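The block underneath contains the structure these notes are about, expressed in structure tokens.
Residue numbering restarts at 1 for every chain, and letters A, B, ... go by the order of the sequence lines. Worth saying up front: this structure is predicted, and the values here are computed from it rather than measured.
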Amino acid sequence: MASSDLDARSTSTVARPTSPVATITGAPAGDDEMVCGEGSGEDGTDDCIDIEFSLNGESTSVLVNPADRLLDVLRDQLDLTGTKEGCGEGECGACTVILDHLPVNSCLVPAYQVRGRRVETVESLTDEDVAHLHASGATQCGACTPGVAMTARWIVDRPHLLSRHTLRALMAGNLCRCTGYDGIIEGIELDLTAREDAQRGSTG
Amino acid sequence: MKRREGLAKLTGRERYVDDLRPSVDGRGRALWAATVRSSVARGRIRSVRFDPAIDWDAFVVVDHRDIPGRNVVKLIADDQPVLAADRVRHVHEPILLLAHPSRSALRRAVRAVTIDIEPESPIFDVCVPPTPEQVQHGTDHPHQEPGQENVFKRLAVDKGDVDAAFAAAAHIVDGTYATGSQEHVYLEPQGVIAHIEGEGDDDVVVVSGSMQCPFYVQGALMMALDREAERVRVVQTSTGGGFGGKEEFPSGLAIHAALLALKARRPVKLIYDRGEDLEASTKRHPSWVRHRTALDADGRLLAQDIDIVMDAGAYVTLSPVVLSRGVIHAAGPYRCANVRIRGRCVLSNRVPFGAFRGFGAPQTLFACERHMDRIAHQLGLDPVSLRRVNLLRDGDSTATSQTIRDGSDRSAVIDQALAMAGWYEKRAAHRAFNATEPWLRRGIGLAVFHHGAGFTGSGEVYLDSRVAVAGLPDGRVEVLTAATEMGQGTITVFTQLAADRLGLPPEDVLIAQPDTARVPDSGPTVASRTAMIVGRLVERACDDLRDRLGLGPEASSGDAVRRAIIAWHEDYARREQSSRDETRDGGVATSAPPLLGQARYQAPPGVLWDDERYRGDAYGAFAWATYVAEVEVDLRTYSARVIDFVAVQEIGKVLNEVLARGQIQGGVVQGIGWALSESFVWRDGAMANAQLTNYVIPTSDDVPSIRVAFQENPYPHGAQGAKGIGELPMDGPGPAIANAIAAALDVDPCEIPLTPETLMDLIDPIVDDASPLCDADPALNNRPSATEGAHGGLIGS
Ligand code: FES
Ligand code: FES
């Protein structure tokens, strides 16, 4: 079977049979001369630095240019394409990852800043993690979804936030043009309730 | 059934075009592409200069001379160049293409190209008649009538005797309403990858990308590249939202990427960033609609006289069809014996406007439903009763003289919406609230409307859509259509339809990736037609598959279907084997066993449309809806907020509750954005606020929960009785919100978006400019002829 990127996509949507598009192969992308990332600025220098950080629980090291955005390093160098670019300017939240304990827009984070820190991306989520979001219709086109799922995860892990903020306010950094947000809010609520029930079950 | 690709999307496994890593072994890696654009709204290209400081040999450079076929993006009028050759008609018009392995080198290179353009007089306001030097269209008619200048398309609907009805009217109510443009803001920007398969005379150009209509893209590539269908292949990749913005626009990107790939003989990736996407892509047509309405003493509609102008932008794109849908919906879901509608779309030197969810209907329904409230106000009638009295009943006919006889209880839709919203209780509560609150004002408003599903008139007949369902050797089936998934649920709904029809479990149904080399042309994924029309074809193709297997249409179980498919393939293999044994030297083995159930569109019986006179059955089916918005306006900030929203609709049959509800909720929130916050700053006919920072779409915190209810009344020619719903929710929010604001503030808003600036003008009008909206509409007042006769002015015909 050809290892095509389009094939990879086909298997990811279980509904698709193997696509015969075979000439697009799965070799890593990028620039012919690229040693490290090329930076998002105009004048990215060639001075690459080696950074080490924890990525989805695994220690990772990668050579980056000081001007590289975390988003590009994740997508282009580490091939974690789940994190999306929706605007590149910190407005849409499609690029949300969890950095240590906070959701951040990875399009605004210079990659070197994650040195020695913990980064979690959408690839860390399992099907069970997102089951409630799935049931409630939290995703339609899916372009905002990786960011939505990460912020949702962050909230569900910190239910105490809801004593001071509404869910709608906490989700306001993640734009979605498809769902009208109800499916997202409902999915998080289901998740929160399930957690509460589980905790009550385990303590009572 | 849950969204089938939902888990892949929620865990980041789903791959979109920008996630694909094209690379061709032995031929070098993929190149990135960039577009060099016009900075001038209209003019002649004098020269293109390349900064010698850059090593241009490292770049692939393409201009109009590299286009093997016609230099047009194939669509209705074939007037839009792929790359401007000698003149430009709008800012951001593509002129030159560059490709290079490094994105940052590309960014520098784009800035190192200087395009010298001799400016010509542009036109940015279609309500102001063009000067002779601004005329760019309609000049080729020797006996050109005045008023034809720059008009791309005119449409007229006539029913009854409007003038006689006006003469006999007890009341006449006038109003002009304007709607702003809107950006789709699909969260995944435009993008494609092009690569070339094979060599020489039978090489194939393959374009994969984010799009709604692979066969549109294929057709456009064939024309611009001068290639036959076999040598152009288009594959839709997972698409992060479309809303119409990926209907016609991706054709241009596809040609651009293909031209670069052909020249470079390497794969080329062309991905817009958000800024470029906002600046250069199509948007919703701005509109101006004037209503003059004749009524009897009880508020019954005697005549509707409606004039519509839409700004089309610099090229025709889909404007005539957008206008058409706008014209047909303009009179609303009401009974009126005498109707005159005149519509036109007019050229300007703005970035071309194009398809956007609703396709003209949201614009004209805004005017219609806002005008109904104005009528109620002027006649001292209750806005609900006014609508009820005039609502279409079975046996009545629409403006195009289409007799409605679908058995739908349209007034039950109103009843449910009012009950859910607590309409009467809230109206009383608001009076008390507004009397005591110093700064806040609340109001509630409604919109009653309809939306026709599928292509207009004979459109579906011309499309001649085809669908196939293949039986696979392992007993599963594969649904082959060109219908794309862009978030609206095609994959899930088609799975459900085929599984139900054949009695198979959903996991035994595969949905083919839309790929012009593999799937039949089932038409574009637009116009709320996918579930209703293509879905129905999927059902019929399933029936055909059953027939071919010798199974009756009645309930033979899924097991029987699966066994029959497997047996067919075993039998086929045996026959192949024996024929191979016979011929010894073996014929060419056919790769795809032809066990296909097929279906082709057939118009429902009795549907008649006269395109010349614009009369007849405009749509096979209408969905009917009533939306109610409750708003709160803060008099300190002049900002309006929707605090409750109820959306009730009759859609034939709900195929998937979660998906259908999500479509409505998402459409309503997109409509809330259009109504309140999504305003444009135009500079030289282009979007100056091309960032999501200052083009403001609603966040989760800006909108309430959207409360949705469905009524069912199966449509016999839709899949399982379904009618289209994709566009419907875009129509109601604008007028419902404007009507709610009218109630809250006792003002008469006539345009959207109702941003704080607009609201400030309404609440505290500047003296000279007492009513800056309707009455001062430039289309009516900026021309001396505006007051001459009923149809004077530009908004006349
Ligand atoms: S891409 Fe980072 S916030 Fe939009
Ligand atoms: S699902 Fe499409 S933008 Fe959120």
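- For B:Glu14 (side chain) and B:Leu10 (main-chain N/O), no donor-acceptor pair under 3.5 Å exists by modelled atom type.
- Taking a cutoff of 4.0 Å between a charged side-chain nitrogen and a carboxylate oxygen, B:Glu188 and A:Arg177 do not qualify as a salt bridge.
- For B:Val703, the parts lying near chain A are the backbone and the side chain together; criterion is any non-hydrogen pair under 4.5 Å.
- Per-residue heavy-atom pair counts under 4.5 Å with chain A were compared for B:Met486, B:Glu507, B:Gln665, and the maximum is reached by B:Gln665.
- The existence of a salt bridge linking A:Arg69 and A:Glu85 is confirmed by a sub-4.0 Å separation between a basic side-chain nitrogen and an acidic carboxylate oxygen.
- Interface with chain B: from residues 155-170 of chain A, residues A:Thr166, A:Arg168, A:Ala169 qualify, criterion being any non-hydrogen pair under 4.5 Å.
- Side chain of B:Ser677 to backbone of B:Val696: a donor-acceptor contact under 3.5 angstrom is found.
- How far CG of B:Leu7 is from NZ of B:Lys9: 11.5 Å, rounded to the nearest 0.5 Å.
- Annotation: side chain of A:Asp197 is in contact with side chain of A:Thr193 (closest heavy-atom distance under 4.5 Å).
- By the 4.0 Å N-to-carboxylate-O rule, B:Arg103 lies close enough to A:Asp76 to be salt-bridged with it.
- From B:Gln190, atom CD reaches atom NE2 of B:His184 across 8.5 Å, with rounding to the nearest 0.5 Å.
- In this structure, the separation between CD1 on B:Ile664 and CZ on B:Arg707 is 15.5 Å, given to the nearest 0.5 Å.
- Side chain of A:Asn105 to main chain of A:Cys107: no donor-acceptor pair is present (N/O by atom type, distance under 3.5 Å, no hydrogens or angles).
- Of all non-hydrogen atoms in B:Lys269 and B:Leu20, the two that sit nearest each other are NZ-O, 2.9 Å.
- In this structure, chain A has heavy atoms under 4.5 Å from both the backbone and the side chain of B:Gln663.
- Residues of residues 132-142 of chain A lying under 4.5 angstrom from chain B, judged on non-hydrogen atoms, are A:Leu133, A:His134, A:Ala135, A:Ser136, A:Gly137, A:Thr139, A:Gln140, A:Cys141, A:Gly142 in numerical order.
- Chosen from B:Asp18, B:Val669, B:Leu187, the residue pairing most often with chain A at heavy-atom distances under 4.5 Å is B:Leu187.
- Interatomic distance, CZ of A:Phe53 versus CD of A:Gln113, reported as 13.0 Å (0.5 Å rounding).
- Of the listed residues (B:Val708, B:Ile706, B:Leu692, B:Val479), the greatest number of heavy-atom pairs within a distance under 4.5 Å of chain A belongs to B:Leu692.
- Ion pairing of B:Arg13 with A:Asp127 is present here, as a side-chain N (NZ or NE/NH1/NH2) and a carboxylate O approach within less than 4.0 Å.
- Proximity to chain A is limited to the side chain of B:Arg661, based on heavy atoms less than 4.5 angstrom apart.
- Of the residues considered (A:Gly173, A:Gly88, A:Cys178, A:Gly90), A:Cys178 shows the highest number of contacts with chain B, using heavy-atom pairs under 4.5 Å.
- Taking every heavy atom of both residues into account, B:Val17 and B:Gly209 meet most closely at CG2-CA, 4.0 Å.
- Here A:Gly86 is the residue among A:Ala131, A:Gly86, A:Gly93, A:Gly183 with the most heavy-atom pairs under 4.5 Å with chain B.
- Checked against salt bridge (Lys or Arg N to Asp or Glu O under 4.0 Å), A:Glu196 has the following partners two or more places apart in sequence or in another chain: A:Arg200.
- The backbone N or O of B:Thr525 lies less than 3.5 Å from a partner atom in the side chain of B:Gln212, making a donor-acceptor pair.
- If you measure heavy-atom distances from A:Thr126 to chain B, the contacts under 4.5 Å come from the backbone alone.
- Of the inter-residue distances, the one linking A:Thr96 atom OG1 with A:Glu120 atom CD reads 13.0 Å to the nearest 0.5 angstrom.
- Contact count against chain A (heavy-atom pairs under 4.5 Å) is highest for B:Gly12 among B:Gly242, B:Pro506, B:Gly12.
- Highest contact tally toward chain B, considering only A:Gly180, A:Cys92, A:Gly82, is held by A:Gly180 [criterion: heavy-atom pairs under 4.5 Å].
- A cation-pi arrangement is not found for A:Lys84 relative to B:Tyr16, the charged atom failing to lie both closer than 6.0 Å to the ring centre and inside a 45° cone about the ring normal.
- For chain A, no part of B:Phe494 is nearby; none of its heavy atoms comes within less than 4.5 Å.
- For the options A:Glu89, A:Met171, A:Glu186, heavy-atom pairs under 4.5 Å to chain B are most numerous at A:Glu89.
- Contacts of residues 143-154 of chain A with chain B at a heavy-atom distance below 4.5 Å involve A:Ala143, A:Cys144, A:Thr145, A:Pro146, A:Ala149, listed in sequence order.
- To the nearest 0.5 Å, atom CG of residue A:Asp79 and atom CZ of residue B:Arg21 are 6.0 Å apart.
- Interface residue B:Pro704: only backbone heavy atoms are found under 4.5 Å from chain A.
- Salt bridge status for A:Glu52 with A:Arg117: absent, with no side-chain N to carboxylate O gap under 4.0 Å.
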